[in-house]
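Presented below is the structure to which this report refers.
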Amino acid sequence: MDLSYIVTPFFAWLIAGSSKFLINSFKAKQFAFGLIGYGGMPSNHSAIVSSMVALIAFKEGFEHPALGVAITLAFIVLIDANSLRNQVGQQAKAINLLNQDKEIPDLRERMGHSKLELLGGIVVGIVTAYLVHLVF
């Protein structure tokens, strides 16, 4: 069994998440535990799916059917992370405005990713896949 297909998305997630925490902490000038979760640079979602696309391309080649499946899944995840989750964030903002006078905790408004954050995650995913490919 080729463990690279298991460890690659895990390492991509770990690298992207750690990078995001460090970037957010640097921006906030304190540990940014409250910013863990949705949104931010780089995108964990795009890092994970692009790591698998890249690993399949590196190991199996560009003509392997699994690459088509991985690219399809990646597009679905990237579109969701960029557009659908941004819409959810806008809805949360509107709900928070309606609930200003009530003692209801605010919903998280930062949900999706910008195109730059997605690109950052894609770069993390490809680099991670390449490094794992070299080792395995």
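Because the structure is a prediction, the values reported are computed rather than measured.
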- Return the orientation label for the His133 and Phe58 ring planes: parallel under 30°, perpendicular over 60°, tilted otherwise. parallel

Which heavy atom in [X] sits nearest to a heavy atom in [Y], and how many Å separate them?
| X | Y | value |
| --- | --- | --- |
| Val53 | Ala74 | CG2-CB, 3.9 Å |
| Lys20 | Pro42 | CE-O, 3.0 Å |
| Val132 | Ser4 | CG1-CB, 3.7 Å |
| Ala70 | Ile56 | CB-CD1, 3.7 Å |
| Ser51 | Ala129 | O-CB, 3.3 Å |

- Is there a donor-acceptor pair under 3.5 Å between the side chain of Asn96 and the backbone N or O of Ala92? yes

Is there side-chain contact between [X] and [Y], with at least one heavy-atom pair below 4.5 Å?
| X | Y | result |
| --- | --- | --- |
| Phe75 | Val49 | no |
| His113 | Ser46 | no |
| Leu67 | Glu60 | no |

Rounded at 0.5 Å granularity, tell me how far [atom1] in [X] sits from [atom2] in [Y].
| X | Y | atom1 | atom2 | answer |
| --- | --- | --- | --- | --- |
| Ile122 | His45 | CD1 | NE2 | 13.5 Å |
| Ile6 | Met52 | CD1 | CE | 9.0 Å |
| Ser50 | Leu73 | OG | CG | 11.0 Å |
| Ser18 | Asn44 | OG | CG | 9.0 Å |
| Ser43 | Lys115 | OG | NZ | 12.5 Å |
| Leu3 | Thr8 | CG | OG1 | 10.0 Å |

- Please check if atom NZ in Lys59 has more than 12 non-hydrogen atoms from other residues, nucleotides or ligands closer than 6.0 Å. yes

State yes or no: do [X] and [Y] share one hydrophobic cluster built from I, L, V, M, F, W and Y residues joined by side-chain heavy-atom distances below 4.5 Å, directly or via other members?
| X | Y | answer |
| --- | --- | --- |
| Val124 | Leu22 | no |
| Val7 | Leu134 | no |
| Ile48 | Phe136 | yes |
| Ile23 | Leu116 | yes |
| Val135 | Phe11 | yes |

